[in-house]
Protein chains: 2
Amino acid sequence: MSSRLVLAELPQLERRTLADTAYEALADLLASGRLTPGDRLSLRQSAVALGVSVMPVREAVSRLVADGVLEVAPTRAIRVPVMTAQDFRALAETRMAVEGMAAARTAERRSAVELAAIRRAEAAFRGEAGSAEPDGARAVRLNRDLHFAIYAACGLAPLQEIIARLWLKAGPVINLDLRAHPERLLQGYALRRHAETLAAIEARDGPAAAAALAADIREATDFILSRGGLRDA
Amino acid sequence: MSSRLVLAELPQLERRTLADTAYEALADLLASGRLTPGDRLSLRQSAVALGVSVMPVREAVSRLVADGVLEVAPTRAIRVPVMTAQDFRALAETRMAVEGMAAARTAERRSAVELAAIRRAEAAFRGEAGSAEPDGARAVRLNRDLHFAIYAACGLAPLQEIIARLWLKAGPVINLDLRAHPERLLQGYALRRHAETLAAIEARDGPAAAAALAADIREATDFILSRGGLRDA
DNA sequence: TCTTCGGAGATGTGATCACAGATCACTAGC
DNA sequence: GCTAGTGATCTGTGATCACATCTCCGAAGA
């Protein structure tokens, strides 16, 4: 029993099921825009691609369907939902409300170290967007990192989960557009709104943080909608 | 082809899988508080209880787990999560923020027929709560109906889905308490807040609606927390 | 040339089997 | 008398099979 103390130091090893791995793989495909709205997904094909049986893929897909990130058509075909412009607008409005609220809470209660983390994330994105040869995929990731650094400091775990799901849902549309028009992200809009949001968080000004972040989302949404890539019905 | 017109009137019949049915059955068990925090769930036992194989149950459970309504312990046991008082408070705060926002939107944009539906729901709950022999389970359902009548009029489908998930998550705790202390729901608190919310919606006063609804949630939460039925850690 | 029909292949759903690991009661050993 | 080990049983996970149904492509018909 003299080993009790040293045993306590053992890191409890995480148990990842194949379904977990499959979920992450598919979610990444969706978030990165490599799976675009309307695309069909086959359980068997996905399974052989991942080198497993259909079971883990099935479970992963059922989770994604529950999240509304995938859908099973009445014909039982699995596909990425095609959003109407109206759907996308409603999703964006929800995001503005929910994420704006999270940003406001962060502004009002952030600690010094949380603020530092947000500052670093903002600087990282700014660096990439302003570089000579910006990498689109990398900029998307840094943009996400910045947003979630802000949300992580809101102090409400359930709120973070909600936002993560909203991003997953909006991901395919946003990244599809971004692939077609990578220049947009790198222009001034996002940079300006990010700076405003950061300033508001520094000043502990909740409403201003919410407004700046909502403006960021609104502008990105309007830009995508102006492209007319979405069905109108 | 002369039948094209009449054929279009056929209601497209919904295709429900066994997994869907199992999901609803389990969700109902959770929402009604018959499955309480800490309870374990066996796939095989649930399957024989539902008269199906484990497959549909498995899919249903995986969805519930994705929603955070069930959890798989590191030991792979499936159970209803036990929330700490802190967790429950964070969930309640999230609900106050999100549901308050939905109520505010409803107040500002509700149509006349939506208002009428909300009025009916409020009256139904008031009738049950004020009756000579109130039925607890029925009151719970009517309370839910009233809340969702309000949220349904907010005009944002994604927001409604979010709220539905939040209720599913809070359900086991709330209903567990309600089973132990059915008198609380029937006292003045909820009735007063409902009346305030309804009045604000009638007056198209968004902030007031949000405040009244948040107060409703806050008081119910404080009541449950004061019971000390939740772990503290 | 365009439409309609038919059959081969692929699809999701569900059932069943196999297996590693957890649980629990019980016994042997200090 | 209490702990540690042992084995039967049950657990979730994954693979495989079975089946009804949808999809797709080519041929026969108008």
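Convention: sequence-line order gives letters A, B, ...; per-chain numbering from 1.
For B:Gln45, a side-chain nitrogen or oxygen approaches OP1 or OP2 of D:dT11 to under 4.0 Å. Note on A:Thr17: every side-chain N or O is 4.0 Å or more away from OP1 and OP2 of D:dG12.
Remark: C1' of C:dT13 and CG of B:Leu50 are 16 Å apart, rounded to the nearest angstrom. C:dT13 atom C1' lies 15 Å from atom CZ of B:Arg16, rounded to whole Å. The distance from atom CZ of B:Arg76 to atom P of C:dA20 is 11 Å, rounded to the nearest whole Å. Remark: C1' of C:dG14 and OH of B:Tyr23 are 20 Å apart, rounded to the nearest angstrom. Atom CG of B:Leu70 and atom P of D:dG12 are 11 Å apart (whole Å). At whole-Å resolution of the value, CZ in B:Arg40 and C1' in C:dA22 are 9 Å apart. Residue B:Asp20 contributes atom CG, which lies 13 Å from atom C1' of C:dG14 at whole-angstrom precision. Between B:Ile78 atom CD1 and C:dA22 atom P the separation is 15 Å, expressed in whole Å.
At the heavy-atom level, A:Arg15 lies under 4.0 Å from the strands shown only through sugar-phosphate atoms. Within 4.0 Å (heavy atoms only), B:Ala77 reaches no atom of the nucleic acid at all.
Among residues two or more places apart in sequence or in another chain, the side-chain hydrogen bond (donor to acceptor under 3.5 Å, both in side chains) test is passed with A:Arg16 by A:Glu24. Checked against side-chain hydrogen bond (donor to acceptor under 3.5 Å, both in side chains), B:Ser62 has the following partners two or more places apart in sequence or in another chain: A:Ser62. Residues meeting the salt bridge (Lys or Arg N to Asp or Glu O under 4.0 Å) test with A:Arg63, sequence neighbours left out: A:Asp20, A:Glu59. In this structure B:Arg58 satisfies the side-chain hydrogen bond (donor to acceptor under 3.5 Å, both in side chains) test with no other residue, sequence neighbours excluded. The side-chain hydrogen bond (donor to acceptor under 3.5 Å, both in side chains) check on A:Gln45 picks up nothing, with sequence neighbours excluded.
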Run the side-chain hydrogen bond (donor to acceptor under 3.5 Å, both in side chains) check on A:Ser32 and A:Arg34 step by step: do they pass?
CA-CA 6 Å; A:Ser32 68; A:Arg34 297 205 294 276; 3.3 Å; yes
Polar atom pairs between nucleotides 15-19 of chain D and protein, under 3.5 Å, N or O only, would you list them?
unit_1	atom_1	unit_2	atom_2	d
D:dA15	OP2	A:Ser53	N	2.9
D:dA15	OP2	A:Ser53	OG	2.4
D:dA15	O5'	A:Ser53	OG	3.3

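Over its full length, the helix from C:dT1-D:dA30 to C:dC30-D:dG1 turns its helical axis through 10°, comparing axes from the five pairs at each end and rounding to 10°.
With no hydrogens or angles considered, no side-chain donor-acceptor pair links B:Asp28 and B:Tyr23 at under 3.5 Å.
Along DNA chain C, the nucleotide nearest to B:Pro74 and the one nearest to A:Val72 differ in position, and the one closer to the 5' end is contacted by A:Val72. Nearest-nucleotide positions on DNA chain D place B:Leu41 closer to the 5' end than the other of B:Leu41 and A:Thr75.
Contacts classified as salt bridge (Lys or Arg N to Asp or Glu O under 4.0 Å) and involving residues 138-148 of chain B (residues at least two apart or in different chains) are given here: B:Glu128-B:Arg138. Residue pairs meeting the ring pair (Phe, Tyr, Trp, His ring centres under 6.0 Å) criterion with at least one partner in residues 153-180 of chain B, sequence neighbours excluded, are B:His147-B:Trp167, B:Phe148-B:Trp167.
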